[in-house]
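Report on the following structure.
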Amino acid sequence: MKLVIFGPQGSGKGTQAKVLSQFLKIPHISTGNILRQEIAANSGIGRQVKSLVEKGDLLPDQLILEIAAKRISQPDCQNGFILDGFPRTSGQAEGLQKISPIDYALEIWISDDEAFKRIATRRYCSKCGANISIAERQGSGLTACDQCGGQLLIRDDDQPAAIRERLFLYHEEAVKLKSFYLKLNSYVRVDGVQEVSEVTENIFQALGLSGGE
Ligand code: AMP
């Protein structure tokens, strides 16, 4: 199964991608995570992309296509992959289709108001990189990762001005992605404003899988 998953920031696509990855035994690949790791490691690519990523601006298609192509050529992608955060433009979708045609493009839909609400409570662990919502937490859970105890921080691109920019960009690009994948008959959409398990169930149905939660 070669799957592209997309949705606005905060739509839960990362969470659903992880469930699908475990069920299908294929890797969940987030280009945002790859880039953040490169930045943290201060690698050549990291230094090249740092300011764009921190502002919430998209990288040039050619550069992100090279990064994605390199990742999906790894042996663990032999039986498929779940791409999260890539492609984001029709140019990237066309490029991906040439390298490795996908089976489904799944959109998880939530409104902008819901996206804002969710992103405002989102943190990441500075030690293990986990994405965590502090919405229902109390006390030290607000500042410490419950997996490794690392410090929880707000991503630079989750600051309000960057969120507005990213949602604007998302809608601009999502329209193009949707029409691109509709033409290929591979577009499916589920409503992301439900319990996580209900969203999972709808995704399994849409992809013709059995065994979802
Ligand atoms: P994400 O965590 O997916 O929101 O990605 C964080 C940032 O990485 C984005 O705001 C972009 O700066 C960059 N990025 C990630 N994926 C892509 C992509 N497919 N195309 C261009 N830029 C990307």
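Worth knowing before you read on, the calculation uses all heavy atoms, side chains too, and leaves out hydrogens, waters and symmetry mates. Counting starts at 1 for both ligands and their atoms, following the listed order.
Every atom of ligand 1 with a heavy atom of D57 under 4.0 Å away is listed here by number and element: 11 (C), 12 (O). Within ligand 1, the atoms closer than 4.0 Å to a non-hydrogen atom of G85 are 16 (N), 17 (C), 18 (C), 19 (N), numbered from 1 in the order shown. Heavy-atom proximity to F86, at under 4.0 Å, picks out these atoms of ligand 1: 19 (N).
Neither the backbone nor the side chain of D61 comes within 4.0 Å of ligand 1, counting heavy atoms alone. The backbone and the side chain of L58 each have at least one atom closer than 4.0 Å to an atom of ligand 1 (non-hydrogen atoms only). When non-hydrogen atoms are compared, ligand 1 lies under 4.0 Å from the side chain of R155 (C-beta onward) but not from its backbone.
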* Step by step, would you call K176 with E173 a side-chain contact (heavy atoms from CB on, under 4.5 Å)? -> CA-CA 5 Å; K176 294 173 198 156; E173 302 299 349; 3.9 Å; yes

* From CA spacing to verdict: salt bridge (Lys or Arg N to Asp or Glu O under 4.0 Å), K70, E66 -> CA-CA 6 Å; K70 190 171 158 206; E66 279 165 26; over 6 Å; no

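For K98 and E94, the salt-bridge test fails: no basic side-chain N is under 4.0 Å from an acidic carboxylate O. Salt bridge annotation for E114-R118: present, with a cationic side-chain nitrogen under 4.0 angstrom from a carboxylate oxygen.
Considering T31, N33, L35 only, the shortest heavy-atom separation from atom 14 (N) of ligand 1 involves L35. Nearest residue to atom 1 (P) of ligand 1 from E165, R88, Q9 is R88 (criterion: closest heavy atom). Compare R36, Q92, R166 by their heavy atoms: the one nearest to atom 20 (N) of ligand 1 is in Q92.
Protein heavy atom in closest approach to atom 22 (N) of ligand 1: L59 N, 3.0 Å. When only non-hydrogen protein atoms are considered, atom 5 (O) of ligand 1 lies nearest to G32 CA, 3.5 Å. Protein heavy atom closest to atom 7 (C) of ligand 1, with residue, atom name and distance, is V53 CG1, 3.9 Å.
A distance of 6.5 Å separates CG of D191 from CH2 of W109, quoted to the nearest 0.5 Å.
For the residue pair T143/Q151, the side-chain donor-acceptor check at 3.5 Å is not satisfied.
Closest non-hydrogen pair, L167 versus P8, comes out as CD2-CB, 3.9 Å.
Of the residues L59, I67, T31, the one that meets the side-chain contact (heavy atoms from CB on, under 4.5 Å) test with F86 is T31.
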